[in-house]
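This is the structure I have questions about; it appears just below.
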Amino acid sequence: MKFKTLIFATIPCLFLLNCSSSGGDDLSETPNPDPDPTNNNVTYNGSIKAIIDNNCIRCHGSTPTSGAPTSYTTYTQVKNSVDGILNRINNTSSPMPPSGLMATGNRDLIQQWKDDGLLEN
């Protein structure tokens, strides 16, 4: 009978020792600090097109008006002009749109879009 008691007392101890975390194998993974990096990128269709449509198209439409030098109706046109756009929307002495600097958040989004690689979608 003592042998049975010894066996039943030893088995739980073996399980406890076997499941301890003091072993050399660490099965836990280091969490990815940014699980989906593409999810945070600013895209033309997701953010920039609406900013351009609301602030620039009045003059930079398919036929530019009011002395606007170029059209900003397509992704390619905006992408190819992004440096000039950033210069003008951040220019306090000659801002674009002419009514005054657009909201800082919009200007920051356009800069972030450029920094993210000028993604379309």
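Being a predicted model, the structure only gives us computed values, none of them experimental.
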Joint hydrophobic cluster, L109 plus L119, side-chain heavy atoms closer than 4.5 Å = no
In this structure, CD1 of I89 is separated from CD1 of I52 (nearest 0.5 Å) by 7.5 Å
Short side-chain to backbone donor-acceptor contact, Q112 and D108, under 3.5 Å = no
Identified side-chain contact (heavy atoms from CB on, under 4.5 Å) counterpart of R88 within the set S94, P97, C56, P95 | S94
Give, for atom CG of L118 and atom CD1 of I110, the distance between the pair rounded to the nearest 0.5 Å.
-> 11.0 Å
Going through the distances and angles, do N80 and T76 end up as a side chain to side chain contact (heavy atoms under 4.5 Å, CB included)?
-> CA-CA 6 Å; N80 291 341; T76 301; 3.4 Å; yes
If only atom types and distance count, is the side chain of H60 paired as donor or acceptor with the main-chain N or O of T70 below 3.5 Å?
-> yes
When every non-hydrogen atom of S71 is compared with those of G61, the smallest separation belongs to OG-O, 2.7 Å
When you measure from the side chain of R107 to the backbone N and O of L86, does any donor-acceptor pair fall under 3.5 Å?
-> no
Once the angle between the rings of Y44 and Y75 is folded into 0 to 90°, is it parallel (under 30°), tilted (30 to 60°) or perpendicular (over 60°)?
->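 Perpendicular.
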Following the transitive rule for hydrophobic clusters with a side-chain heavy-atom cut-off under 4.5 Å over Ile, Leu, Val, Met, Phe, Trp and Tyr, establish whether L101 and V82 coincide in one cluster.
->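 Different clusters.
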Do side-chain atoms of S81 reach the backbone of G84 as a donor and acceptor pair under 3.5 angstrom?
->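 No, the answer is negative, given that no donor and acceptor are paired below the 3.5 Å cut-off.
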Check: D116 side chain, V42 main-chain N or O, donor-acceptor pair, under 3.5 Å |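 Pair found, side chain donor or acceptor close to backbone of V42.
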What's the spacing between M102 CE and M96 CE if we round to 0.5 Å?
->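 Answer for the CE-CE pair, M102 versus M96, is 10.0 Å.
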Side-chain contact test, heavy atoms from C-beta onward, threshold under 4.5 Å: evaluate it for D53 versus Y72 and give yes or no.
-> no
Do N87 and N91 have side-chain heavy atoms sitting under 4.5 Å apart?
->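 Contact flag for N87/N91 side chains = no.
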I51 backbone acceptor or donor facing N106 side chain under 3.5 Å | no
Looking only at heavy atoms, what is the nearest atom pair of Q77 and T73, with distance?
-> OE1-N, 2.9 Å
Trace of the side-chain hydrogen bond (donor to acceptor under 3.5 Å, both in side chains) decision for T43 with N45 | CA-CA 6 Å; T43 64; N45 289 328; over 6 Å; no
Does any N or O in the side chain of W113 come within less than 3.5 Å of the main-chain N or O of I48, such that one atom is a donor and the other an acceptor?
-> no
